[in-house]
Amino acid sequence: MAKKVLVTGGCGYIGSHTIVDLLENGFDVICVDNNSRSNPRILEGVEKITGKKIKNYKVDLCNFDDTFAIFQENEDILGIIHFAAYKSVGESVEQPLMYFENNLQSLINLLKCVQEFDIPYFVFSSSCTVYGNPNEIPVTEKTPPKPAESPYGYTKQMGEQIINEFAKSVSAKCILLRYFNPVGAHPSILIGELPIGRPANLVPAITQTAIGKLSQMQVHGDDYNTRDGSCIRDFIHVSDIAHAHTLALEYLIANKNSSNCEVFNLGTGHGVTVLEAIKTFEKTTGVKLNYIIGPRRAGDVIAIYANNDLAKSKLGWEPKYSLEDMMATAWKWEQKLKNDEKFYNSKFSGLN
Ligand code: WQD
């Protein structure tokens, strides 16, 4: 059986790490990425790691004809892993319609192709953001979703509902993977996260402050009802997240699924506070971080971390990177970016 996987958003952070893992596990990969929020040069890093060149179709998935043409040209696609989406919580609050149109139109176009070309497997990049502010933690896949905290969060909740209903009407088998907080970089330090502009996420803010790109960072609040007053998150290494996608496909190919649409939490199962994450960074790297305690950030979930039993028992997934590994690889990647600044910024047009 052909093992060609179409990865959308494959020039992005989690997409590129997943392509590496798929290639290392015997799959062939093609990428679809319009590079509006990603740098095509990241595929050079993928090639250095795996020795394999990846074809990227620079196509906007919101254009149905262009998307359809990819499937006409590749009639042996076994599965799709769909990462391509806008993902900035803050930007989604400022431009909700752009988020609903981009994230949902692209998904619907892809699902139309799944139906038209009878693609057997579809894996969707979802997020713990669908849980909102949970009443109980850790959250399981059965924890009822709360109202999302942002239009970005709603696009993930709606995306899951669309796929759920779609899966009832076709033979395709689908999996929704709910990531907690993906951080770190591939151990080779040849690929990693490329934030656009000032990073909103914690770990890139830490590493950019540590390297001097940012003069100082803020901890968004230390007056929450948590053990040290700062928010709690479940930080998970991006390579552990990547491997879960390979395992999800293998699970479907082996017919182990019990329904046509299953959900899995991808987190370590351990909650870490923002201040603990900073302390771990400082201890691991020996770099003292320049931060102050600032006001709370609107929309922040106070505390969330995963119950990951289902992914462990059904997918055979076992996160293997520690928080120290996450901080160490994130820091090494930031140092590499400083040396290769021209390399990554030369072709990157930034936000369209
Ligand atoms: C984590 C904690 C901040 C920056 C979001 C999305 C999620 C996923 C990851 C896309 C919070 C605090 C942060 C800073 C800080 N997105 N923080 N100072 O908000 O948990 O998740 O990004 O895949 O879907 O919801 O991640 O890293 O932005 O914030 O104190 O400079 O770090 O307040 O408590 P978040 P985050």
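One-based numbering, in listed order, for ligands and for the atoms of each. When reading the values below, keep in mind they use all heavy atoms of this one structure, side chains included, and skip hydrogens, waters and symmetry mates. For the single chain, residues carry numbers from 1 onward in sequence order.
- Between Glu282 and Lys279 there is no salt bridge, since no side-chain nitrogen of the basic residue lies less than 4.0 Å from a carboxylate oxygen of the acidic one.
- In Cys128, neither the side chain nor the backbone holds a heavy atom less than 4.0 Å from any atom of ligand 1.
- If you check which protein heavy atom lies closest to atom 7 (C) of ligand 1, you get Ser127 OG, 3.8 Å.
- For Asn201, heavy-atom contacts with ligand 1 shorter than 4.0 Å involve the backbone as well as the side chain.
- Taking atom 27 (O) of ligand 1 as the reference point, the nearest protein heavy-atom neighbour is Leu202 N, 2.7 Å.
- Protein heavy atom nearest atom 18 (N) of ligand 1, with residue, atom name and distance: Gln218 O, 2.7 Å.
- Annotation: atom 17 (N) of ligand 1 to nearest protein heavy atom, His220 CD2, 3.6 Å.
- The number of heavy-atom neighbours closer than 6.0 Å to NZ of Lys52, taken from other residues, nucleotides and ligands shown, is above 12.
- Between the side chains of Tyr152 and Glu91, no donor-acceptor pair is found at a separation under 3.5 Å.
- Between the side chains of Thr246 and Asp21, at least one donor-acceptor pair of N or O atoms lies under 3.5 Å.
- Within a 6.0 Å sphere centred on NZ of Lys332, other residues, nucleotides and ligands contribute 12 heavy atoms or fewer.
- When the shell of 6.0 Å around CZ of Arg296 is examined, it contains more than 12 heavy atoms from other residues, nucleotides or ligands.
- The number of heavy-atom neighbours closer than 6.0 Å to CD of Glu75, taken from other residues, nucleotides and ligands shown, is 12 or below.
- Heavy-atom proximity to Ala200, at under 4.0 Å, picks out these atoms of ligand 1: 4 (C), 13 (C), 28 (O).
- When heavy-atom distances to ligand 1 are checked against a 4.0 Å cut-off, Val89 comes that close only through its side chain, counted from C-beta outward.
- Taking every non-hydrogen atom of Ala205 and a distance limit under 4.0 Å, the qualifying atoms of ligand 1 come out as 31 (O).
- Sorted by first and then second residue, the salt bridge (charged side-chain N to carboxylate O under 4.0 Å, His left out) pairs with a member in residues 110-130 form an empty list; sequence neighbours excluded.
- Here the shortest heavy-atom distance to atom 23 (O) of ligand 1, taken over Tyr224, Tyr152, Tyr179, belongs to Tyr152.
- For Asp223, the CG atom is densely surrounded, since the number of other residues' heavy atoms within 6.0 Å is greater than 12.
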Show me the donor-acceptor pairs within less than 3.5 Å that the side chains of residues 132-139 make with the rest of the protein, sequence neighbours left out.
unit_1, atom_1, unit_2, atom_2, d
Asn133, OD1, Ile302, N, 2.9
Asn135, OD1, Lys146, NZ, 3.0

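- Regarding atom 12 (C) of ligand 1, its nearest protein heavy-atom neighbour is Val274 CG2, 3.9 Å.
- The closest protein non-hydrogen atom to atom 29 (O) of ligand 1 is Arg297 NH2, 3.2 Å.
- Figure legend: cation-pi geometry between Lys3 and Phe27, with NZ or CZ positioned under 6.0 Å from the six-membered ring centre and within 45° of its axis.
- The protein heavy-atom contact nearest to atom 33 (O) of ligand 1 is Asp300 OD2, 2.5 Å.
- Every N/O-N/O distance between Val219 and ligand 1 stays at or above 3.5 Å.
- Among all non-hydrogen protein atoms, the one lying nearest atom 34 (O) of ligand 1 is Cys231 CB, 3.1 Å.
- Short contacts between ligand 1 and Asn181, defined as distances under 4.0 Å to a heavy atom of the residue, involve ligand atoms 20 (O), 21 (O), 26 (O), 35 (P).
- Set against the non-hydrogen atoms of Lys87, the atoms of ligand 1 under 4.0 Å away are 10 (C), 23 (O).
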